[in-house]
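Working notes for the structure below.
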Amino acid sequence: MAEAADFQGTSASPARRWLRRTGALLTGAPLLAGLLQLPAATPADAAGQESLQAAAAKGSVSVAVDSLTPSAPSEGDTITVSGTVTNNGKQTVTGAHVDLQVGPPLETRSSIDTLAKKSADLQGPSGEKVGGKYTEKYSALTPGVAEPFSISVPADKLDLGRDGVYQLAVSLSGKTSAQPWDQVLGVQRTFLPWQPEEAGTKTKTTFLWPLVSSAHMAAETGSNEQQTPVFRDDELAEEIAPGGRLDQMVSLGKGLDVTWVVDPDLLASVDAMTRSYQVRGADGSTTPGRNQEVAKHWLAELQQAVTGEEVAALPFGDPDLASLAHNGTNVAGSLGHLKEATDVADETVDTILHVKPSTDFVWPMDGAVDPSIVKVATSAGADKVITRSDSLQDNLSYTPSAARPIGGGTTAVVADARMSTAFQGDLTRASASSLAVQRFLAQSLTLGLQTGKQRSVVIAPQRTPSVSQAQAMAEALGALQAGGWSESQDLTAAAKAKPDPSANTRVPSASAYPAALRKQELPRAAFEQIARTQGKLDKFKVILTRQSRVVTPFGRAMNREMSTSWRGRGVAAVGYRDGMESYLNGLIDGVKLIQKSETKLSGRSAMIPVTVQNNLVQGVEHLELRLTSKNPTRLKIGGDAYEEQPVAVNGGHAQSVKFTTSANANGRAEVVAQLYTEDGQKYGAPVTFDVKVTEVTPTVMLVIGGGVLLLVLAGFRMYTHRKRAAAREAEDDSAEADDEGDSPQNQADTPQNPESSDTRLTEESAAGSRADAPEQPSDPAPDTAAESADPSGTGERVDR
C-alpha cells in the first residue's frame, strides 16, 4: 500500500482508492449475506484473511539496513546507509528505487519501543523523503534475488532540528504486473540519534561486561601430587580459542570503559588449563588436554584488558540466588555454600588477574528480585544487589538514577531494562545488529533529554552474550562513549550516587516474580542432593591425613552445582550432581574392610585378624575398628562382647588388626567387623562372618590326663627314694655311735656323772662325725638361717 496519501496535501493513490472501495464493499457484505442467506465465514477463512493482512503489512520486498554510519552523527558528518533489498514475491518489480525518509523526533522512550516492534510495517508512518540524488534505483528486482544499496547523504540535507531521536526509514518502491503503479513494497525503520553539540549535563553510564560461562570442571582430580584436574568436556577451550565467544568478549571489551563482571570459576578453570589437565569423553574415558597455550594467551589478554578497570567478582560459580531463595533455604547447609562461594571469590580473582575485585555485588538472574532473594543475597555478605527496572519498577515520567536504598543497609542498583535487553535475540544478521545498536543509542539519548538533570544509569546485559551480541554491544558502547550526551562511570560509583527521592524503594512481592524464570529454577531436590553429598564429605574428610586434596575440589564443585548456568538445562544439572556424588562414593569405598570367609577356632582362645584396605593415595587415620560377637556366651572378643582398636593405614596399603577371642562352647558364632570414625559414626559397610568354635575333644583330654599322671608318679617316686636314703643314713650314724661308747678309752674317761657325760659325749661325737663326713649328691641344699621367715619352696627341706 502506498504511503504517499498518508501526508496532508497529497491526493489518494490508486491503491488507496482500491482500499476504500474494498472497505465499502465489506461494509455492505452483512446486509447482502442476510438477503441471500449466505453461510458465515469459517474460522479458517478468518485466519487466512489475517495472514493476508500481515503479509500485506510487511510488503513483498524485504529491506535490510545492515549499517548506519556514523551511528550518532554530528554537524558536518556524512551519513551512509547501506544494506540489501530482496524481492520475496513471485513477480518482478520494475522501476524500483530506494529512498531515505526522515520522520519527526520521537519524544518518549515508549515510542521508540513501539517503532522498533513495527520497524518493517508498511502501514506505519515513515516521514518525508530526502529525495534528489540521495536515492538508488534498479531497473528490475528479480524474485528471490538480494540487491545491495548504499546511500550517503550529508547530515545538513536531512533538515534535522533540535536534539533528539529521529526516525529514519529506508523504503523500496516500485511496480509489479499485478499493480502497475508506483507504491511502497518494503520498508525498514531505524533510529537516528542527533546531538551535534556536547550536552551541558551528561548521563553517567555504567556498562557491565560479563565474563561468565557454564560449569566445565568436575570434582574429580588425578591421583598425582599435582592433582591433575578433569574437565567434563572441551567446550571451554572452544570459547577461549581465537574467534570463540569468550575470546571475543575480551578482545571487544579491551579499550572500552566498562566494569568487568567476572565469575571466579571461569578464571579458575582457564588457569587450570594452563597446566596439565584431562578431558572426559562421551564414553567416560579421559584424554590429555592440549589447549595450554590457548589458555595462557586468553589469560594474558584478559589481564591486560582489566588493567585500570573495575572488576566486580560474583560468588564462585555464579550461584542461582533465586533458586536458593525459593527452594534451598530450608535445606541445611545451602546458605553456607553461598558464603563459601563469596569468600573464595576475592582470593581467586586477585591471584589470577592480579587485581583487587569488588565483592559487594550480587546479580540475580535477569535482575528479578523479591524479598527472599534480597535476604539470601545479603546473608552472604553482599550489600548491593543488581536488579532491573522491569522488576523494581518506578511510576515516574522519567528514568531515575540506578542506586536506591531498599532497607537493612542494602542498596539496589537498578539497571535500565530497555537498554539492558537491547542486545538479546538473534543478532547474526547485520540488519538485526544494526537496529539493536541504533535502538540502544536512541534510548540512551532520550533518557538524557528527559529532565536536564544528571543521573546515573546502569546497563546489565545478558550473562552470556553470543559473539554477534557481543559485537553489537561493543559497537553501541563505542558510539555511546564517543557521543556528546554520556560519560562512563564504574559500578561502585554508580552504587554510591545520590538516590532519587522519588524513586521506588519497595522490593516487589514474591508473587510478582516472573513465572517463566521460576520454571527454570533448581528444584528443592537439587539442594537436598547437595546437602547429602556434603554430609558424606564431612564424614569422609575426618579420616584423611591431607584433607585439602579432597575438600577443596569438592567444595568448588558444590558451588558449581548451584550455578545460574543450569537454568534451562535441568537434565545436564542432574547429571553433574549425580556424577559428583558417585565419584565421592568411590573415594569413600576406597577405605574398606576386606571380606572374610568362615573362620575355625579349634581351641578355647585364638587371634582373629581383620584387614583394612586403603586404596586412596593419601593415608587415613582417626578410625577405629570394632569387632563384635553376636553370641558372646559362645564367643567373646577381648573378654567381652566386642573390642575396638585404632586404625591408621598408609595410602595404597592394607593393615591387619588382630583381636583376641575366647570360646565357651562349640558351634558357630556370628561376628561383625565395622569401621567407625572417632566421633562414633559408622564408616563404610560392615563385614560379617562366622567363627566355628570346636572345644577340646575327649581323646585329647585323655592324652593330657595321662601325661599329668606320669608327672605325679615320677614326683612320688623321687620323694620316696629320698626318704629311704635319709632313713638309712640315720641308722648308720646310730650304729657308729654305739661302737665308740663301748671302747676302753671311752670308758676310762667317763666322768663322775655318767649319764650326763654320756649324753654330752654322744652329741658331740655325732656332731663331729657329721661335720667330717663328705656331702652326698642327694643331700638337700643348705638351709636358710634359723631366723628366716621366708616361705619354703616346693620340695624344700626346712629344719625346725
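Residue indices begin at 1 and follow the sequence shown. The basis for the numbers below is simple: all heavy atoms, side chains too, and nothing from hydrogens, waters or symmetry mates. Just so we're clear, the structure is a prediction, and the values are computed from it rather than from any experiment.
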[X] and [Y]: side chain donor to acceptor below 3.5 Å:
X: Thr410; Y: Thr378; result: no
X: Ser82; Y: Ser67; result: yes
X: Gln454; Y: Thr201; result: no
X: Ser433; Y: Gln471; result: no

Under the criterion side-chain contact (heavy atoms from CB on, under 4.5 Å), which of [options] is the partner of [X]?
X: Leu302; options: Val270, Leu267, Thr307, Ile352; result: Leu267
X: Leu192; options: Ile79, Val81, Leu106; result: Ile79
X: Leu480; options: Leu256, Leu441, Thr203, Asp257; result: Leu441

Please enumerate all residues that pass side chain to side chain contact (heavy atoms under 4.5 Å, CB included) together with [X], with sequence neighbours excluded.
X: Pro371; answer: Val507
X: Glu293; answer: Lys296
X: Glu239; answer: Ser213, His216, Leu236, Arg245, Leu246
X: Asn559; answer: Phe316, His337, Ala341, Arg556

Return each pair, listed once, that meets ring pair (Phe, Tyr, Trp, His ring centres under 6.0 Å) where at least one residue sits in [range]; pairs must be two or more places apart or across chains.
range: residues 427-455; result: Phe423-Phe440
range: residues 449-473; result: none
range: residues 477-505; result: none

Salt-bridge present (Lys137, Glu147; N to O < 4.0 Å): no
Strictly below 4.0 Å, N to O, side chains only: are Arg109 and Asp416 in salt-bridge contact? yes
Okay, side chain of Tyr138, backbone of Val98: is any donor-acceptor separation there less than 3.5 Å? no
Could you check whether any side-chain N or O of Gln167 sits under 3.5 Å from a backbone N or O of Ser126, counting only pairs where one atom can act as donor and the other as acceptor? yes
Those residues that, when tested against Asp360, pass salt bridge (Lys or Arg N to Asp or Glu O under 4.0 Å) (two or more places apart): Lys384
The salt bridge (Lys or Arg N to Asp or Glu O under 4.0 Å) partners of Asp490 (sequence neighbours excluded) come to none
Checking Gln188 against Ser431 for the side chain to side chain donor-acceptor pair (under 3.5 Å) test, could you report, in this order, the C-alpha distance in whole Å, the side-chain angles of both residues, the deciding distance, and whether it holds? CA-CA 9 Å; Gln188 175 64 59; Ser431 58; 6.0 Å; no
Can you run down the side-chain hydrogen bond (donor to acceptor under 3.5 Å, both in side chains) pairs that involve residues 347-358, sequence neighbours left out, and say none if there aren't any? Asp346-Lys356
Residues 497-508 vs side-chain hydrogen bond (donor to acceptor under 3.5 Å, both in side chains), sequence neighbours excluded, gives Tyr398-Asp500
Sorted by first residue and then second, give each salt bridge (Lys or Arg N to Asp or Glu O under 4.0 Å) pair with at least one member in residues 417-430; sequence neighbours left out. Asp113-Arg418
